[in-house]
Amino acid sequence: MRPNQHYPILKQYINPINTPTIMNYWLVKSEPDTFSWNDLVTLGRDMWNGVRNYQARNNLMAMTLDDLVLFYHSVKNPGVVGIAKVVSTHYPDPTSPDDPRWVVVDLAPEQALEQKVSLASIKQQPELAGMLLLRQSRLSVMPVTTAEFHTIVQMGKLTVK
DNA sequence: GCCAACGTTGGC
DNA sequence: GCCAACGTTGGC
């Protein structure tokens with residue numbers, strides 16, 4: 001994936017003045033040993049399956065097409081490593097065929113951060129003190145505010161001109 | 001490897 | 001409805 005290949009699209013999304021529709025921002029966690037950002041890049045698209053928590057499930061169900069999603073590596077050197085995009089809204093999780101409670105969305109890689117935004121640096125950034133990530137450490141799918149999204153993107157060296 | 005946080009289960 | 005026991009997640 002060429003680093004700035006998608007930059008013009010990203011710029012459109014993260015500039016509130018030019019945003020064509022209401023955008024939602026999210027954060028999803030994955031243990032890189034299980035499924036990493038590079039795995040998503042390699043696949044080009046992935047079904048985000050396996051969520052078995054109601055709060056996380058409700059967040060998946062609230063995602064709309066083209067929402068941007070911070071991709072967070074948990075456990076090992078935790079931090080945000082990339083930006084993904086919602087390319088399919090929720091549908092039943094095929095990995096729980098006998099349990100209709102659970103859903104998936106499809107995600108595609110949008111843009112790798114130039115620099116990982118570590119959990120430690122998030123904790124040190126006063127503007128991010130209110131992040132749900134810091135208050136509810138076990139939640140794996142969560143909303144992110146527009147301001148928080150901007151801050152993370154800038155910390156990841158994807159500054160908007 | 002340890003432990004805190006927190007969600008779920010099941011006894012009462 | 002309460003709560004103890006237990007399992008899982010995730011930071012350190």
Side-chain angles (χ1 to χ4, degrees), chain A residues 1 3 10 14 23-65 67-159:
Chain A
M1 192 176 181
L10 180 64
I14 67 178
M23 285 292 304
N24 299 312
Y25 300 98
W26 308 95
L27 182 148
V28 298
K29 292 178 181 176
S30 185
E31 279 196 53
D33 289 347
T34 304
F35 189 84
S36 69
W37 168 259
N38 284 338
D39 292 332
L40 184 65
V41 171
T42 300
L43 290 175
R45 181 183 178 114
D46 186 57
M47 182 180 72
W48 205 258
N49 63 310
V51 168
R52 297 292 182 266
N53 168 284
Y54 289 110
Q55 200 176 348
R57 188 278 311 267
N58 292 345
N59 289 331
L60 287 179
M61 293 177 78
M63 290 182 180
T64 57
L65 214 56
D67 283 354
L68 295 180
V69 182
L70 298 174
F71 195 105
Y72 178 91
H73 279 169
S74 64
V75 180
K76 198 173 67 175
N77 302 318
V80 177
V81 293
I83 301 166
K85 186 165 80 170
V86 176
V87 292
S88 169
T89 55
H90 72 93
Y91 55 96
D93 188 341
T95 68
S96 61
D98 300 323
D99 192 338
R101 290 176 297 173
W102 310 119
V103 302
V104 298
V105 299
D106 288 353
L107 298 181
E110 177 73 9
Q111 173 82 57
L113 296 185
E114 293 293 322
Q115 181 176 302
K116 172 190 257 184
V117 179
S118 70
L119 178 60
S121 64
I122 289 171
K123 286 180 172 176
Q124 287 167 10
Q125 172 57 255
E127 294 167 43
L128 300 179
M131 270 194 95
L132 201 52
L133 179 73
L134 303 181
R135 291 188 284 129
Q136 224 176 314
S137 67
R138 292 182 57 203
L139 187 59
S140 64
V141 182
M142 67 187 77
V144 171
T145 68
T146 306
E148 289 163 353
F149 184 86
H150 279 244
T151 301
I152 297 276
V153 165
Q154 286 173 18
M155 289 166 77
K157 305 298 181 193
L158 289 183
T159 51

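Chain A is the first sequence line, chain B the second, and so forth, proteins listed ahead of strands; every chain is numbered from 1. Just so you know, these numbers come straight off a predicted model, no measurement behind them.
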Quiz item: Sequence neighbours excluded, which residues qualify as side chain to side chain donor-acceptor pair (under 3.5 Å) partners of A:Ser137?
Solution: none

Quiz prompt | Rounded interatomic separation in angstrom, taking CE from A:Met142 and P from C:dT9 | solution = 14 Å

Quiz item: Regarding A:Glu31 and A:Ser74, is there a side-chain donor-to-acceptor distance under 3.5 Å anywhere?
Solution: no

Quiz item: Got a sec? Which of residues 121-137 of chain A come in under 4.0 Å of DNA chain C, heavy atoms?
Solution: A:Lys123, A:Ser137

Quiz prompt | Name of the residue among A:Thr89, A:Asn58, A:Leu60 meeting side-chain contact (heavy atoms from CB on, under 4.5 Å) with A:Val103 | solution = A:Leu60

Any N/O pairs under 3.5 Å between the protein and nucleotides 2-8 of chain C? List them or say none.
unit_1, atom_1, unit_2, atom_2, d
C:dT8, O2, A:Arg138, NH2, 2.9

Exercise. In plain terms, say whether A:Asp33 and A:Lys76 are close enough for a salt bridge, that is, a side-chain N and a carboxylate O under 4.0 Å apart.
Key: yes

Quiz item: With respect to the phosphate group of C:dT9, does any side-chain polar atom (N or O) of A:Tyr72 fall under 4.0 Å of OP1 or OP2?
Solution: no

Practice problem: Would you please name every residue forming a side chain to side chain contact (heavy atoms under 4.5 Å, CB included) with A:Arg101, sequence neighbours left out? | Solution: A:Tyr54, A:Arg57, A:Asp99

Quiz prompt | Distance, rounded to the nearest Å, where A:Leu27 contributes CG and C:dT9 contributes P | solution = 17 Å

Exercise. Please report, rounded to the nearest Å, how far the C1' atom of C:dG10 is from the CG atom of A:Asp33.
Key: 13 Å

Self-check item: Inter-residue atom distance A:Trp26.CH2 - A:Leu68.CG, 0.5 Å rounding
Solution: 12.0 Å

Quiz item: To the nearest Å, how far apart are A:Lys76 NZ and C:dG11 P?
Solution: 14 Å

Quiz item: For A:Asn77, what residues pass the side chain to side chain contact (heavy atoms under 4.5 Å, CB included) criterion, not counting sequence neighbours?
Solution: A:Lys116

Quiz prompt | Residues which pass side chain to side chain donor-acceptor pair (under 3.5 Å) with A:Asn53, listed by chain and number, not counting sequence neighbours | solution = none

